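These notes are about the structure you will find just below.
Letters go in sequence order (proteins before strands), and every chain restarts at 1. Given the structure is predicted, the values throughout are model-derived calculations rather than measurements.
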Amino acid sequence: MPRYDAKRIETKWQTYWDQQETFKVGEFVEGKDKLYVLDMFPYPSGEGLHVGHPEGYTATDIVCRHARMQGKQVLHPMGWDAFGLPAEQHAIKTGTPPRITTQKNIDTFRRQLKMLGFSYDWSREFSTTDPDYFRWTQWIFLQLFDSWFDSEYEWIGPDGKQRVGRARPISELPIPEKVKAEGEDATRHYQNRHRLAYQHEAPVNWCPKLGTVLANEEIIDGKSERGGHPVERIPLRQWMLRITKYGDRLIDGLEGLDWSDSIKSLQKNWIGRSEGAEVDFYVGAGGSDADLEQGFTAWKSSRSETGFSEDPEADVLRIYTTRPDTLFGATYMVLAPEHPFVDRLTTIEQKQAVETYRKQATLKSDLDRTDLAKEKTGVFTGSFAINPVNGEKIPVWIADYVLISYGTGAIMAVPAHDLRDWEFAVEFDLSIIPVVEPPENYEPSKDEQALEAEIAGEKRTPFSGLGTAIHSGEFDGMKTADFKKEITARLVEQGLGKGAVNYRLRDWLFSRQHFWGEPFPIWHELDEDGKITGLMRPDPEESLPVELPEMKEYKSAGTPEPPLSSAPDEWLYKTGTDGKRLLREVNSMPQWAGSCWYYLRFADPKNSERFIDPENEKNWLPVDLYIGGGEHAVLHLLYARFWHQVLFDRGHVTCPEPFQKLVNQGMILGDVELTGFQQTDGTWVSAKDVTESDESETKWIEKASGKPVTIIRLESDQVQKQGEDFVLVDQPDISVNSRAYKMSKSRGNVINPDIVVEQYGADALRMYEMFMGPLEATKPWSMSGVDGVSRFLGRVWRLIIDEKQEEVALSDAVSDEAPDEDQLRILHKTIKAVSEDIEKLSFNTAISRMMEFTNAMGPLKTRSKEVLSDFVLLLSPFAPHIAEELWSVLGHAETLAYQPWPAYDEALLQESVVEIPVQVNGKLRSKVSVAADADQATMQQTAEQDETIAQHLEGKTIVKAIVIPGRLINFVVK
RNA sequence: GGCCGAGUGGCGGAAUGGCAGACGCACGGGACUUAAAAUCCCGGGUCCGUAAAGGGCGUGCGGGUUCGAGUCCCGCCUCGGCUACCA
């Protein structure tokens, strides 16, 4: 009895595709449409595939299979983002080398993906951990190392677009005469300071438990994203990539891309461009400078001659502000505790307090800084600065609400017009001078009201909006926007400041203290004492890759020193041809590195001469459709775009952006859970009366009493809907929670794709994931939903196959005769709908339309073979295994993968008679049948003759009749 | 606090400004069967009306535009995601 047997069919066809290399991409054919469809490649974790993976992968697979049938040449590759912490931690625990673990995990992932029948060109598979691949990751790093960003450079790229700013070879960096005069080493240091890849001593997030430094984005609420361990801040030599130079390019580049507005705005917000001004405040020698005022006058006049300097001198504090119009209201200054001038500006009297505060600030994790620092804290340095616009002497404070990593690490505080400065000024009783008059009828915002304080016996609030200048000398009466421009121009004229742009985006911290990452192709020159001199030598390109050394231990010593620093000496040291002792860079690259350019390599994965052949790059790039999880909407996409733009600037790629269309698949949640709450004595408590306790997400308390309650999982028959809420059947006054949660091990609601495939087959899993809802929506899993699509596949099977036969054979109902009009109509309707839905990535509705087709065909005594064949082709991108099997039973020897996609005939869609709804005053009253091509007069006439309508029209006057041919009739009557 | 997204039957969801609830799940009824599974058929927003016919009300809430609004505009509410002292 050959019932629909997913397992038999699926293994059969997977083997066939593998053996025939059905999906191997052939030579690129000039003039034939190309489509490059890419999935965000996975990190092959030890857990294996998650149901979230096949969601995006199925979507791209449908697009690809459809495109092949449309005659396009399709590039659809898969690979592995396999460097990363888990394999290393496993190595530390068990001693198994990360390479072994990684290989095992990759094998599992590959097996699982093949089991789902995706049409990847597996001959292009690679892992970021392959030396053949990371050789070129290192090569790209050398390109970054060899580049500086010329912000003024105007040029026209291969895309014909005019741009300002370009990465150029470091050899083209103009060296100031002064530097040149200091000798070759000075020149090299100068170049190092301008490279796109540079080193920087900076406070970093050191996690002792993980034994590594983490990037800001790897920290959540002051704890490590992985493991939730506490994080400290310590200074360390780090590699940085100058992504901030590309801030504007990364914003501008978004314009032509087919990405959702929400992702674009996410990226823009992350880059966080702001415009304002940098202004110098004179501080003189610092400390208790008695001649501050005098010095200021001299300084100011000299500045009007020399102009604003590129780097601030020691006698000024440089600040960044977006509100230069509020300069007259600057009543004090604040430095970040880490600011290099703090020591010099601290007076002897204040030394103790400043030291203590600074120490606290370094110990504080970011959590403390944000959470506990609701109360503003800070310490006076004892020094003063002079406000350049009015000569006022104002105190200089340090406070941790000013961040060293943003702007210049120092601010002018304008308490009257900045909420944070206001809070601080109120706390420490600093003077507040309003310099912006709010517009008439201005109501303070919620935030402003919340900060209301009594100052000199008067209730006052800060004002952070735009208005009109007051107490600003000659500028009084100017509108904020005009004043900003005017004052900036004045500052430039007097050499006191300049317009400036800042980004929330920071330079990219590019080194990690891991073993399992790409080594840097860099040697450090050592002095006689074996110390790093700051001068470096890149490995020559042809010597790449720099491979990882063999190690016995993967654990770092619990210090920020990376594990590679304990590599064997022959890996670590060498002597240059000039006799210089050299030490290898022992940091490794972050996991982001490998995923920054893999999409390029897929177009030419075996090339041993170049990272990608220029022809292949031109032929295949950019990626036409890129699908992946929203969690990468910012970082991965920003980093990859940044690298791509650098490669573009350096002439290595010809398209300015890598990913033309981007779609984020939504998250798949676990099955919906019903939960009730009970007190310790078993009394039910309404869900409305409980709340999550502050301490942990799993603890719940009764709102009124604060007593803990226990969570009780309920079955659906214990619960019913009442109004808006779900309540207990037995006690309808008790409401319960109904919600789907993110799948997690701890919650125990993870669905394993292996089990779904085992029970229902890959086609059913693919179909279900597409049928759940819109690709981009977050949707809860439901096992009975899989049952539903599985039944659908069974119905499709029985449309064509005679289940009663011993062998797989056509059903008697399948006929060779020419199809009748009804069958043709339903077929062509389905072709049209499915084709359009695939274009729109609206897979759930495409599947609905195919279900309608089977619902219509099922009851028929004879079914046209021709019609069924076309339908099987429509189904094939979604459920390729059953489609191939049915296609072969329908008498075709070859795979259907390259069969032409069915076309629909508009003429066959038309029904001769259509049913038209008739409304009276917008309310549906009846329906009438008219010829599909009936004109308005005929339609109206038919409608008026309808019995029900006639009744509704009786005794009324028709004011207007709206008649839309083929659609609807509406009588407006009085 | 900021930004983004979403609110439609018991559930997932569908609807170029034009018949709200396609399609599926769950549920109820029936057929087939010794029985079950599988399969097939029928039903269903809600209220009034006896089951019919028919009608009232219905897309988070309140207004508006329109012959006509789930869809467009204004003002709210709730939920979810991201982000969080960015000067």
Is any side-chain nitrogen or oxygen of [X] closer than 4.0 Å to OP1 or OP2 of [N]?
| X | N | result |
| --- | --- | --- |
| A:N855 | B:G24 | yes |
| A:R925 | B:G55 | yes |
| A:K840 | B:A14 | no |
| A:S274 | B:A87 | yes |

Atom [atom1], compared across [N] and [M]: separation rounded to whole Å:
| N | M | atom1 | result |
| --- | --- | --- | --- |
| B:C27 | B:G81 | P | 30 Å |
| B:G17 | B:A6 | P | 15 Å |
| B:C77 | B:G63 | C1' | 15 Å |

Looking only at atom types and distance, does a side-chain atom of [X] sit under 3.5 Å from a main-chain N or O of [Y], one as donor and one as acceptor?
| X | Y | result |
| --- | --- | --- |
| A:S735 | A:A687 | yes |
| A:S790 | A:V786 | no |
| A:S842 | A:I838 | no |
| A:S744 | A:R747 | yes |

Base B:C67 paired with A:K960 side chain (donor-acceptor, <3.5 Å): no

Donor-acceptor pair under 3.5 Å, A:R795 side chain vs B:C40 base: no

Among [options], which nucleotide has an atom closest to any side-chain atom of [X]?
| X | options | result |
| --- | --- | --- |
| A:S784 | B:U39, B:C4, B:C25 | B:C25 |
| A:L968 | B:C19, B:A15, B:C25 | B:C19 |
| A:K721 | B:C11, B:G55, B:C82 | B:C11 |
| A:K779 | B:G13, B:C57, B:C67 | B:G13 |
| A:P859 | B:A26, B:A84, B:C41 | B:C41 |
| A:R3 | B:G18, B:C86, B:A38 | B:A38 |
| A:E852 | B:A84, B:A26, B:A22 | B:A22 |
| A:Y320 | B:G5, B:C25, B:A87 | B:A87 |
| A:Y406 | B:C67, B:C86, B:G18 | B:C86 |
| A:P774 | B:A87, B:C67, B:A14 | B:A14 |

Residue whose closest nucleotide on RNA chain B lies nearer the 5' end, A:T321 versus A:T948: A:T948

Nearest-nucleotide 5' precedence on RNA chain B, A:Q919 against A:G407: A:Q919

Over all atoms of both residues, closest heavy-atom pair of A:Y768 and A:S782: OH-N, 3.0 Å

Rounded to the Å, how far apart are [X] [atom1] and [N] [atom2]?
| X | N | atom1 | atom2 | result |
| --- | --- | --- | --- | --- |
| A:R420 | B:C85 | CZ | P | 9 Å |
| A:L714 | B:C11 | CG | P | 16 Å |
| A:H632 | B:G81 | NE2 | C1' | 16 Å |
| A:D787 | B:C11 | CG | P | 20 Å |
| A:R739 | B:U78 | CZ | P | 17 Å |
| A:N269 | B:C4 | CG | P | 7 Å |
| A:R849 | B:C23 | CZ | C1' | 10 Å |
| A:R791 | B:U39 | CZ | P | 6 Å |

Students often get this wrong, so: under 4.0 angstrom with heavy atoms, is [X] touching a base, only sugar-phosphate, or nothing?
| X | result |
| --- | --- |
| A:T778 | sugar-phosphate |
| A:H417 | nothing |
| A:Q720 | nothing |
| A:K927 | base |
| A:N844 | sugar-phosphate |
| A:G788 | sugar-phosphate |

A:T854-A:R795 side chain donor-acceptor pair, cut-off 3.5 Å: no

[N] pairs with, by Watson-Crick or G-U criteria that keep both distances under 3.5 Å:
| N | result |
| --- | --- |
| B:G17 | none |
| B:G1 | B:U83 |
| B:A69 | none |
| B:U78 | B:A6 |

Check: A:Y406 ring centroid to A:Y503 ring centroid under 6.0 Å: no

Syn/anti state of B:G9 by chi, 90° boundary around 0: syn

4.5 Å side-chain heavy-atom contact, A:L250 and A:D248: no

